[in-house]
Structure formats: C-alpha cells, structure tokens
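Fair warning: this is a prediction, and the values are worked out from it, not measured in the lab. Chain naming here is simple, since letters A, B, ... match the order of the sequence lines and numbering starts at 1 in each.
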Amino acid sequence: MESKFTPSLFEGRIYEFWEKKGLFTAQIDKKKKPFSIILPPPNANGSLHLGHAMFTYEDILIRFHKMMGYETLWLLGLDHAGFETQYVFEKHLKKLGKSRFDYKREELFQMILDYVNENKKNIKGQLRRLGFALDWSREKFTMDPAIVKIVHGTFKKLFEKGLVYRANRLINYCTYCGTSLSDLEAENVDREGLLYFINFPIKTGGTIQIATTRPETILGDVAVMVNPKDKRYQSLIGKTVVLPVSKREVPIIADEYVDMKFGTGAVKVTPNHDFNDFEIAKKHNLSYPPIINFAGRIQNTNSPYDGLKVTSAREKILLDLKELGLFVKEDKHQMVIKTCYKCSRVLEPLPKEQWFIKIKPLADAAKKLIKEKKTVIFPKRFEKQLIRILDNFIDWNISRQVVWGIRIPAYYCKNFKFPYVPQGKQISNFKLNQNNGWFVSAEKPEKCLICGACDFVQDEDTFDTWFSSAQWPFATLQTESKEFSDYFYPTSVMETGHDIMRAWVARMMMIGDFATGKQPFNTVFLHGMVRDGKGQKMSKSKGNVIDPILLMDKYGTDALRAALIFGTKEGGDVSLSEEKVKGMRNFANKIWNVGRFIELNSSVILNSFQDLQKIPKQVRNDKEAQEIIKQLQKEAKELKKRYMINMKKYRFSQALNDLHEFIWHRLADYYVEQLKDELKNGNMSALDTVKSVYLENIKMLHPFMPYVTEAVGQVFYGKETSLLQIGL
RNA sequence: GGACCUGUAGCUCAGUUGGCUAGAGCGUUUCAUUGACAUUGAAAAGGUCACAGGUUCAAGUCCUGUCAGGUCCACCA
C-alpha cells in the first residue's frame, strides 16, 4: 500500500469493477425485499452541477440497503427538458446566425435531438464519476417511444375522466420565446414602475380620472369600474365613457373588487390583457377582441397603433394623451411584474385556447396519501408545506408552443359544429360538446373519431415537460416487464431538492396516484440547496459557482460526497467550501493509513510465523492492554448501534459525523496509539480486534465514501470482493 | 399581506422525545515528530447559545413577545 490514498489511481478502476460484477443491476428476487429509487432525471441539455452531486443521498440509501440485504434498483433516466432545452438550443442557433424560424418543425426537432444525444454522453460520464450505483442496463429518456406511449395514455385517461379540458384563458406568454408558461414558470420580479393618471371623458359631460400602469391597453378596454360603495362615483355608475384615443364608448360599472384607496378608486377594465380584468369582464358579460398579438404587437384597433410593439405603443399613447389634455400625472410605483424564467423578459397575459388539467380532485387524492401515511415526508416540517401546496394548486396549463417536446395527442374534427349530435358507436364515449370538437387518441387514428370522415388536424402544441416528469416513477418502470414493475413499484424513496416540491413532487403524487391507483413512492426525502463557503446562494452573476468536477479532480469523489453530507441538518442547506472538501480528503487519507498500518503489521506477523523462533513476544499482554481492547470492542459496538438507528431515521449526517469522530479520534488517535507496541510486537488479540473494528467501520462508511473504503477493503478481502457483497 | 425556516466559537455549521464542566470542521497559538498518515500528533485560546419574559428540580432545547436575516406563496389597476 502506498503511503497516500490517491483517488485518481482507484476511482475509474473500481467503478468499472462494480459495473463488471453487475452489482448495480437489479433483478427480481422474491426472497429479498425490494428497495427502489428513481433518479430525478437530469436535463439532457446541460452538464453536472452541485445539485446533482446531492443525489449522493440516494447512493447512500441504495448502497446501505444493498448491504442490508435488499434487492435494490436505482433507475436512471434523462429529461428532455422541453422549453429549457429549446431555449439553450436557440441561443446556440443564434450564434450561427440562425433562428428557429429558419427550419421546419421536423428539422428543428431532429437538430435538437442530435444535440441532446451528444450531451447525454457527457452527463452520464459525470454521474459515473460521482460513483453512483445506478442501473445502467435500464437507462430511460423522456422521449423514448415507450415512455411517450405511456404519457399519451395518461393524457387520454385524464381526458376521458373529464380531468383535462380545453379552455380559452389568459396565460402567461413569452413573446420572445414564443410559448406559454405555467404559473410556476413565471417569475415575479419587484420593479419600480410608473402609475399613470388619466382623465376619461364622460359622454354626458365631465371626466372620470383613472390610474393605470398600462395606458396602451386603453385600446382594448371594455369598461371603467368603481366600487359601488364609493360616494365619489355613485352618481356616475351606468353612465358612458368615451375612451380616449380609440373613441369607443364603454360603460361605468360597479364591482366590490375595486379598492377605493388605491389610485383614484376608478379602474379601467381590459379583458384580454390582465388576469383580474379577464374574470371581471366575464362576470359582467363584457368582451372585446385582444389588441395585443403573440408577437407582442398591437392589433385589431384600426388605428396607427396597429403593428407597434407594446412598449412603443405605450409611449405614443402617452404623447397623444398629453396632446389631448387628458394626461394628468405619473407617480413612481412599486410593482410586481411576471417575467420569463428563461429569458427574463416581461410576460404578456394573452388569451389562448390551451389544455388544462383539473387539479382539485387530483390534489385531494394526493393529500389523502399524505394523511394516510402512504407517503411519508422527511424531514417532517415539509409535510405541512406540501399540503399547503396541494391546497393552493390551480388548474395546470400543460400546452407549450415549443417543438422540442412530446406532441399532444389531441385532434380536431373539421366537420364539428356546435351543438354536435353524435352518430355511430365509436364516438359515444366523448363529451363532444364540452370539448368543442376535440378528441384524444393515444395512437394517431386512421380516421376522425368524431365524424369518421374528415381530415382531422393534430394540435401543434407539446406537453409541458413537467407533465411527463410527473409520470416518471411509474412510466419508467412500466417500460420494463410487468413482473419487474410490480416488484419495485411503489418505489421506496423519492429523494430530491425541496425547491421542486411544487413543480415535481406534488405533481408526481397527483398523477401517479391517478394513473396507477397507488402512491408513486412510500417516502419523500428532501435535501437542501448547496451554498458557497460563506452560506451565500450560488449564482453565475455572483461568480461563486463551484464546479463539482474540478473538486473531484483535485480531492477525489469521496471527499466531495462527504463534504456535502458532513455537518449538515437533513433538509437544510449545505455550505460548501474548498477547505471543507480538503478536510474530507484528509479523512479519506486517514482511513487509508489506518488500513495501511494494520496491513503492515499483519504481514510482519505472517512472515514471522514462518520462523517460529522469531515470533515476537507480547510486550504488554497484561490487564491494562486487555482492558483497552475490551473498551474498544464496547465502543465499536455502541457505534454500530447508533449508526443503524441514524441510517434508518435518515440521519445520514449524524451517522457520518459519528464515523468520522470514531475512526479518526478514537480508533486512530487513541486506541491504535495505546496499543501501538502490542500491534507491532505481535499481540494477536490486539491486532484482531483493531482489524475487525476497522473493517466494520469501513463497511459502515462505504455508502458515504465508496471508493476509499472499497480500495482498502480489497486489501483485506481480496481484489475480487466488494464491500457491497459482504454487507453489514 | 400569508406561511415556513434561521439566529450557538473568528468563519461554516451540528446539538435527535429538556438532563453531567455546550461540540465538530476550517482558522488561530504553542509544542512534538526520521517507521501508518505533515493530507500527522499532543495541548491551548475562543461562546452572557440574538434579546426580553414565562413553564420546570432542570431550558441552547418547550411557550409568548421583540429584533435581525433568509426562503416560498399571494398581490391593487
């Protein structure tokens, strides 16, 4: 054994050794209890970051359970990450002086697919680098035909149960990225904006002053609204206002919704470009066509404003209002703006027909899983949060106008006219009138399922990526044999960051329960975020992002893994500094050297057996030494007991801290030092005890630091043996 | 505005049903060391556990309030 542990000399070889022995490949073994984890699928477009390194928790769980005699499956897959990937790819196109509009749908799709396939190799290599015990024989991808088929099937089932509907609603639309976003993808940004005060002329004389942040939407107004209790305006209710600039006449209406204290207490109503106004207008039966299109330009106004971008239309309108003498003033105003989480541009609320999932019944079922303890949440404090999330979930817009995704298997009948009287058998299942001529079919149908004759058209849109992600636990397993799927589903643990509880965990529970009638996982274990050495959030703009690959190159995988776990609270954030990783590298070396010391002394003894005359005498085979040996055995036994409790209660950090403390400061610094003379002089009982305690320790440590423990394990157990086989 | 979390050594953090002189890693100081390891060892300094009350034989730990920081959600034109 070398005097130092050099990770690079072992890591590649050992990982290959594990793979070759098939230690990561799951089998159906009815004699064993199953233990399964589905890896949260990394985006196929990127490379590894520290968030992925946190999946070390899953590796710990897998290795621990394998060593405890479970049949384990850690299933990996990659996510096509629809909108995100297309965004990244479009940036790449831009560098080449191209845009998505230069290609046909199929071409663009193929180009992105090639790009993604290249990236997949990269990220897979990095997952191996982390030492993860993933079952490489069952790799999945969200765009695999078998997965797509299941995703389509789920959509069809939701449609047939009336849990998916098509509706014309306001959606958050990014006019730059060209797609709608769900409420979860819209980022709220605090900004100082301007609140404009404008006089609206009343037809019968006089004016009413309103306040607005978006004067350009005057072009699409349908009313001016006041609070019915507002004494200032009561006499004006029912009168007619002549909209400035557009000259259209609209009524003054009353609704409790208006806050008398804000602005002037009078507000204009623009149904198609504001979420609240949309609801109000519907309530009051007022409508007007949208005056902003999906390119973010003014339309339908028959005015010189048509074709202008929203921002320039606003400038022009303000100038015109000033000229008309209707502009009063502008005040600074702190406001919240919804922006695109990818490109950071302001989102435009626009009306669009989209597919929505009715969440309420699904959320109730998911809540039931928690209440009935079919799914247990660790750490416990996140349970409350998850229930709150489920309570407040609004209907989910799953349509995306991006090419890179799973195409929605919905078709429109060209002959459909409302109301529709179904004729023939095959259509009786569809609630045709509610769905305005749309039907859903998992496979592309031969002929129209509604009229049986027409040249139906397929929806151009693709699913929100999270719609397929929400199905990941059962969709991945269902592409395997039924026996295999039944053996490992429901999965044992879902381990992921608490930041995606809403976007992912909640949705998996809802859709998983709906599709399979069972919880997708028995336990949820949530980890925190990785912060920098000062506890600051890592971000590109701050320049404090740490690359896990560099850390592994420098200090080894074990050091990085241990640094992420050591000294943290479960579910809490972890502050990671290079010094901490270095400290754990030193720990790996300490482990190695304790082994080296034992090995050196064992061979001294073995050699001396060959010449019986030279067997070293015991220097201190007295009560004192025996006492120390006994004490060591006792302490080691207590450690193992605490370890088992901690591991079963998901207190991994505590387990690692205990092992660190024991191996370094008790075993190495104290016991080995106390027994040094005995060990060097052939006291077999001292050597046996130290050796067995040490081997027990490296087995316990193996889930955390697999490489150094396996490297040293092979010195004692032989080159063909893995600690994973020896077990705990 | 609502919910949740955090405030313990110079820094980053543990402290598991309340219980011996409050701990770790890194950093600092002193000393040691040519045979497991300098990626080392021995020792030391350093904390009114944010603040104020309360419960208790006993509070870093439980309760109330205050202050400070953070996260998520909602949101008024």
Side-chain angles (χ1 to χ4, degrees), chain A residues 1-6 183-184 188 190 193 195-198 210-215 217 221 224-225 257-270 273-277 280 333-336 338 379 381-382 384-385 387-389 391-394 498-499 501-502 528-529 531-537 555-556 559 562-563 566-601 604 642 645-646 649-651 653-654 656-658 660-661 664-665 668-670 672-673 676 679-680:
Chain A
M1 286 173 87
E2 303 293 320
S3 68
K4 282 179 189 171
F5 174 65
T6 311
D183 54 313
L184 302 187
N188 295 320
D190 260 309
L195 184 62
Y196 304 95
F197 292 78
I198 298 160
I210 61 95
T212 180
T213 55
R214 298 199 63 183
T217 58
D221 281 351
V224 167
M225 182 165 66
Y257 164 78
V258 180
D259 180 352
M260 292 185 271
K261 290 189 204 103
F262 189 88
T264 61
V267 56
K268 59 189 218 54
V269 180
T270 321
H273 307 291
D274 179 281
F275 284 92
N276 292 310
D277 290 7
I280 299 262
H333 173 56
Q334 207 57 40
M335 55 201 281
V336 178
K338 283 188 188 221
R381 67 189 154 94
F382 287 117
K384 237 189 271 175
Q385 211 169 316
I387 287 177
R388 239 178 77 84
I389 285 171
D391 280 336
N392 297 325
F393 229 106
I394 61 169
H498 64 67
D499 56 327
M501 258 196 287
R502 175 180 299 264
M529 305 295 106
R531 294 167 169 272
D532 75 3
K534 288 175 185 155
Q536 299 291 308
K537 210 174 192 170
Y555 303 108
F566 192 86
T568 62
K569 184 159 62 179
E570 274 63 47
D573 293 347
V574 50
S575 296
L576 189 75
S577 60
E578 184 157 342
E579 285 68 36
K580 192 175 181 189
V581 181
K582 205 168 163 181
M584 290 302 125
R585 186 271 317 259
N586 295 352
F587 179 45
N589 192 56
K590 177 58 87 174
I591 293 159
W592 174 262
N593 268 290
V594 175
R596 179 164 183 255
F597 181 70
I598 294 169
E599 198 265 342
L600 282 174
N601 287 300
V604 165
R642 276 207 311 280
I645 292 170
N646 284 326
K649 290 192 171 177
Y650 297 87
R651 295 202 295 241
S653 185
Q654 192 57 53
L656 178 60
N657 281 296
D658 280 0
H660 180 275
E661 163 70 15
W664 201 323
H665 302 300
D669 290 349
Y670 180 75
V672 169
E673 288 302 323
K676 209 158 201 169
L679 294 170
K680 285 187 174 180

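Looking at residues two or more places apart in sequence or on another chain, you find a side-chain contact (heavy atoms from CB on, under 4.5 Å) between A/Ile394 and A/Asp183. The side-chain contact (heavy atoms from CB on, under 4.5 Å) search around A/Asn593 returns A/Asn589, A/Arg596, not counting sequence neighbours. Partners of A/Phe262 according to the side-chain contact (heavy atoms from CB on, under 4.5 Å) rule, which considers only residues two or more places apart in sequence or in another chain, are A/Leu195, A/Asp259, A/His333. Take A/Ala559 and apply the side-chain contact (heavy atoms from CB on, under 4.5 Å) test, not counting sequence neighbours, and it matches A/Tyr555, A/Val581, A/Met584, A/Arg585.
Atom CD in A/Gln654 sits roughly 8 Å away from atom C1' in B/G15 (whole-Å rounding). Distance, A/Asp669 CG to B/U39 C1': 14 Å, rounded to whole Å. At whole-Å resolution of the value, NE2 in A/His498 and P in B/U71 are 11 Å apart. Regarding A/Asp259, its CG atom lies at a distance of 10 Å from the P atom of B/A77, rounded to whole Å. Following rounding to the nearest Å, A/Arg502 (CZ) and B/A3 (C1') show an atom-to-atom distance of 11 Å. The NZ-C1' distance, from A/Lys261 to B/C75, rounds to 15 Å in whole Å. Across the protein-nucleic acid pair, A/Ile210 atom CD1 and B/C76 atom P stand 16 Å apart, rounded to whole Å. Across the protein-nucleic acid pair, A/Asp274 atom CG and B/C75 atom C1' stand 12 Å apart, rounded to whole Å.
A residue-by-residue look at A/Lys676 and A/Gly567 shows that A/Gly567 has its nearest nucleotide of RNA chain B further toward the 5' end. Each of A/Leu184 and A/Arg651 was matched to the nucleotide of RNA chain B holding its nearest heavy atom; the match closer to the 5' end belongs to A/Arg651.
Comparing the C1' positions of B/C67 and B/A52 gives a spacing of 10 Å, expressed to the nearest Å. If you take atom C1' in B/G60 and the same atom in B/C72, they sit 27 Å apart, rounded to whole Å. Across the C1' atoms, B/G23 and B/G47 are found 11 Å apart, a figure rounded to whole Å. Taking the P atom of each, B/C13 and B/C31 are spaced 33 Å apart, rounded to whole Å. Annotation: B/A59 and B/G18 have their P atoms spaced 13 Å apart (nearest Å). On the P atoms, B/A58 is 34 Å away from B/G25, given to the nearest whole Å. Here the separation of B/U64 from B/U6, taken at their P atoms, is 14 Å to the nearest Å.
Residue contacts shown for A/Val258 include a base, since a base heavy atom lies under 4.0 Å away. Nucleic acid contact class of A/Ser577 (heavy atoms, under 4.0 Å, all strands): none. Nucleic acid contact for A/Arg388: base, since at least one base atom lies under 4.0 Å from a heavy atom of the residue. No engagement by A/Ala266 is indicated, since no non-hydrogen atom pair under 4.0 Å with the nucleic acid exists. Residue-level contact check: A/Arg214 touches neither bases nor backbone, having no heavy atom under 4.0 Å from any strand. Nucleic acid contact class of A/Lys582 (heavy atoms, under 4.0 Å, all strands): none. Residue-level contact check: A/Asp499 touches neither bases nor backbone, having no heavy atom under 4.0 Å from any strand.
Scanning both residues, A/Lys537 and A/Arg531, for their nearest heavy atoms gives N-NH1, 3.5 Å. The two residues A/Tyr196 and A/Pro215 come nearest to each other via the heavy atoms CD1-CD, 3.6 Å. A/Gly263 approaches A/Ala211 most closely through the heavy-atom pair CA-CB, 4.0 Å. For the pair A/Ala266 and A/Val224, the tightest heavy-atom approach, listed with the atom from each and the gap, is CB-CG1, 4.4 Å.
Taking 4.0 angstrom as the limit, A/Asn188 places a side-chain polar atom (N or O) nearer than this to OP1 or OP2 of B/A74. Residue A/Asn276 places at least one side-chain N or O closer than 4.0 Å to OP1 or OP2 of B/C76. Distances shown here put every side-chain N or O of A/Thr212 at or beyond 4.0 Å from the OP1 or OP2 atom of B/A77. Close to B/A36, at under 4.0 Å from its OP1 or OP2, lies no side-chain N or O of A/Lys4. Phosphate contact (OP1/OP2 of B/U16, side-chain N/O of A/Lys569, threshold under 4.0 Å): absent.
Each of B/A36, B/C4, B/C37 was ranked by its minimum atom distance to the side chain of A/Lys590; first place goes to B/C37. Each of B/G70, B/U12, B/U39 was ranked by its minimum atom distance to the side chain of A/Arg531; first place goes to B/G70. Closest to the side chain of A/Ala211, out of B/A77, B/U39, B/U12, is B/A77. Closest to the side chain of A/Val336, from the set B/C37, B/U12, B/C75, is B/C75. Residue A/Arg585 has its side chain nearest to B/U39 when only B/U39, B/A36, B/U71 are considered. Of the listed nucleotides (B/A36, B/C72, B/U39), B/A36 has the atom at the smallest distance from the side chain of A/Lys680.
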Give RNA chain B the dot-bracket treatment, 5' to 3': Watson-Crick (N1-N3 with N6-O4 or O6-N4) or G-U (N1-O2, O6-N3) under 3.5 Å, [ ] crossing, | other strand. (((((((..((((.....[...)))).(((((.......))))).....(((((..]....))))))))))))....
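Inspection of the A/Asn657 and A/Glu661 side chains reveals no N or O donor paired with an N or O acceptor under 3.5 Å.
Between A/Trp592 and A/Phe5, the ring-plane angle classifies as tilted under the 30° and 60° cut-offs.
Around atom CD of A/Glu2, no more than 12 heavy atoms belonging to other residues, nucleotides or ligands sit under 6.0 Å away.
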Going 5' to 3' along nucleotides 25-31 of chain B, which nucleotides have protein heavy atoms under 4.0 Å from the base (write B), which only from the sugar-phosphate (write S), and which from neither (write -)? SS-----
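Considering only heavy atoms from C-beta on, A/Lys338 comes within 4.5 Å of A/Asn188 through its side chain.
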